[in-house]
Amino acid sequence: MFWLDVDLKSGRNTVHRDDCIQSVPENTPSKGMSEMGDEGGWFSFPSMSEAVRYTKINRINGLIVFCSHCKPTQSMTPEPRAKLGLKTTALGCAACGKCAMGQSSEPERMEITDTKTIASRLTRKLFGSR
């Protein structure tokens, strides 16, 4: 669970983990729980990406800041990965029938990094979109 602290006064929208000691979600007249007050509000989300998406969809002005104390982005992987189940065959003598060298083993998991997506994101970040 993640909390989004929308602070309209300072223009900072801070994302915290549920167990962060620096986030104290409370209902006040100026800042509501799960509703926008005069100065902002506290909103809970099951994932950090949904909290960020909420600010984009509802066009909430201000910077999106991640708490430096609880570090909600620490568990995220920086690059997209895919996992494939591949059948591998060991090299060796399959003719003798006594050794297991020629038999298929259990599917092995292999991580593959999507470098094309990473390169296109970096290019857009450095040079902008067309």
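Both backbone and side-chain heavy atoms feed into the values below; hydrogens, waters and symmetry mates do not.
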inquiry  = My understanding is that only residues two or more places apart in sequence, or in another chain, count here; which of them pass side chain to side chain contact (heavy atoms under 4.5 Å, CB included) with Asn58?
reply    =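 Side chain to side chain contact (heavy atoms under 4.5 Å, CB included) check on Asn58 returns Tyr54, Ile60.
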message = Under 4.5 Å between side-chain heavy atoms, counting indirect links through other Ile/Leu/Val/Met/Phe/Trp/Tyr residues: same cluster for Phe45 and Val15 or not?
response = yes
task = Is it possible for you to say whether Met48 and Ile64 belong to one hydrophobic cluster, with membership spreading through side-chain heavy-atom contacts below 4.5 Å?
result =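 Yes, one cluster joins them.
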message = My understanding is that only residues two or more places apart in sequence, or in another chain, count here; which of them pass ring pair (Phe, Tyr, Trp, His ring centres under 6.0 Å) with Phe66?
response =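 Residues passing ring pair (Phe, Tyr, Trp, His ring centres under 6.0 Å) with Phe66: none at all.
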From [X] [atom1] over to [Y] [atom2], what is the distance, rounded to the nearest 0.5 angstrom?
X     : Y     : atom1 : atom2 : result
Phe2  : His16 : CZ    : NE2   : 12.0 Å
Ser44 : Met33 : OG    : CE    : 7.0 Å
Leu8  : Asn13 : CG    : CG    : 7.5 Å

query = Given a cutoff of under 4.5 Å between side-chain heavy atoms of I, L, V, M, F, W and Y, with clusters grown through shared members, what are the other residues clustered with Ile57?
reply =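 When side chains under 4.5 Å apart are linked, Ile57 ends up in no cluster with other residues.
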Mind checking side chain to side chain donor-acceptor pair (under 3.5 Å) for [X] and listing every partner two or more places apart, or none if nothing turns up?
X     : value
Ser10 : Asp7
Asn27 : none
Ser47 : Ser49
Trp3  : Asp18

key: Donor-acceptor contact below 3.5 Å, side chain Arg17 vs main chain Lys71   = yes
query = What is the minimum heavy-atom distance between Cys67 and Thr14, and which atoms define it?
reply = N-CG2, 4.1 Å
ask   = What are the two closest non-hydrogen atoms of Phe43 and Ser34, and how far apart are they?
value =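 The answer is CE2-C, 3.5 Å.
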task = Sequence neighbours left out, what pairs pass salt bridge (Lys or Arg N to Asp or Glu O under 4.0 Å) with at least one residue falling in residues 29-38?
result = Asp5-Lys31
message = With salt bridge (Lys or Arg N to Asp or Glu O under 4.0 Å) as the rule and sequence neighbours excluded, what pairs involving residues 41-67 come up?
response =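 Counting only pairs at least two positions apart or across chains, no salt bridge (Lys or Arg N to Asp or Glu O under 4.0 Å) contact touches residues 41-67.
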